[in-house]
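Below is one structure, written out as structure tokens, with a few remarks after it.
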Amino acid sequence: GKGNYRHFMMKEIAEQPTVIGDTLQAFMNPLERRIQLPNLPIDLAKISRLTIVACGTAHLAGFVAKYWLESIARLPVDLDVASEFRYRQAPMDPNGAMLVISQSGETADTLAALRYAKSLGQKVISVLNVPESTIGRESDLVLHTLAGPEIGVASTKAFSTQLVVLACLALATARARGAIDAAREAALSAALTEVPARVAEILNHDAHLKEIALKVAEARDVLFLGRGTSYPIALEGALKLKEISYIHAEGYAAGEMKHGPIALIDENVPVIVVAPTDELFDKTFSNLQEVMARGGRVVFLSDADGVRKLGNQAMAVVELPKVDPFVAPILYTIPVQLLAYHAAIAKGTDVDQPRNLAKSVTVE
Ligand code: M6R
């Protein structure tokens, strides 16, 4: 049941410290304090390319994984939505492998993409919340997200636990490929270990995010901006908001603003900027100044260093804990979930069962 919560979505958001911890433990060797994956059907050191395919929120988890695998593990990654990939007759590298991501393990397009890849002789690893599913049965190996049953149509804890599994995969791949030294691997593993506690801290910002969501809920259109691994989180924030509040929202790579969307900016458009202080922060910050110069009302998600730099110029500021940029996308997921949830409540929509949507899309 929902326990003391009004909606499954809020219950599932609140479960994240626990289920992220459970998922991490399943892939962490406690003695060596390092990531250990089960025996894989492929050699991570030798594959030439990984093709990641999924739908919706699971696709956005794959988007973060692409950034991690390319930058940390130096593995080339192709990423697509399953409904495009499956019909394209894409050639697949004989030394490549496929990764599919799905909460339910029953999504029709994702399953079709898996079958296509297998017909070309690719090995398939899947990241699933329901291992005893059709995709689970047809995969060569399942990496299990331990999110527990997710009832709300909006995916929340499934997404954050997918990110955790994919972060573990990125570290294991980096080690196998000699792309990371022991000290850096230890630092990134330690950053992952801290995530459950940091997520719990962020959940304490709920009342503040609710206030911000009341303002966001008055808008007709909302933009989410981010760079690097914050770009997929901007996309996820926009997907969550439109799915449950029915407010039109778009996620954009911050650097693409000046190539078109900046024309939309005025005082009626809230712009939610996902901006942990990482190596791209200054670039995002100058995009944010362009937005403010055109009257855009900024909701700034950053850490103490970013907040200090911005000063008092935004419509709202949410100060998140300062963490290694590697784990920032996991943490910055939480405020965009809470913003969408409270905006939906303000709009009076059916949060757990939004119109026109099904939890599991088993038709093409
Ligand atoms: O079960 P799956 O992860 O394969 O589902 C994929 C999408 O249908 C799903 O993530 C959808 O986008 C969510 N409703 C988003 O919150």
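Both ligands and their constituent atoms are indexed starting at 1 by order of listing.
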Checklist entry - Around ligand 1, what residues show up once you keep those with a heavy atom under 4.0 Å from it? => result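 Residues Cys55, Gly56, Thr57, Ala58, Ser102, Gln103, Ser104, Thr107, Val153, Ala154, Ser155, Lys240, Glu243 each place a heavy atom under 4.0 Å from ligand 1, listed by chain and number.
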
Do other residues, nucleotides or ligands put more than 12 heavy atoms under 6.0 Å from Asn204 CG?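 Yes, enclosed.
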
Measure from NZ or CZ of Lys347 to the centre of the six-membered ring of Tyr246, then state whether that distance is under 6.0 Å and the direction lies within 45° of the axis.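 That pair does not qualify as a cation-pi contact.
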
Q.
Enumerate the side chain to side chain donor-acceptor pair (under 3.5 Å) contacts for residues 349-363, please, sequence neighbours excluded, ordered by first and then second residue.
A.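 Counting only pairs at least two positions apart or across chains, the side chain to side chain donor-acceptor pair (under 3.5 Å) contacts touching residues 349-363 are Glu150-Lys359.
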
Notebook entry, point to check: Going through the checks in order, is the ring-ring contact (aromatic ring centres under 6.0 Å, His included) test met by Tyr116 and Phe85?
Noted result: CA-CA 9 Å; Tyr116 172 79; Phe85 178 80; 5.8 Å; yes

*Apply side-chain hydrogen bond (donor to acceptor under 3.5 Å, both in side chains) to Tyr341 and list each qualifying residue two or more places apart in sequence or on a separate chain.*
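Residues passing side-chain hydrogen bond (donor to acceptor under 3.5 Å, both in side chains) with Tyr341: His7.
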
Determine which pairs satisfy ring pair (Phe, Tyr, Trp, His ring centres under 6.0 Å) with at least one residue from residues 142-201, sequence neighbours left out, and list them in order.
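Sorted result for residues 142-201: empty, none.
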
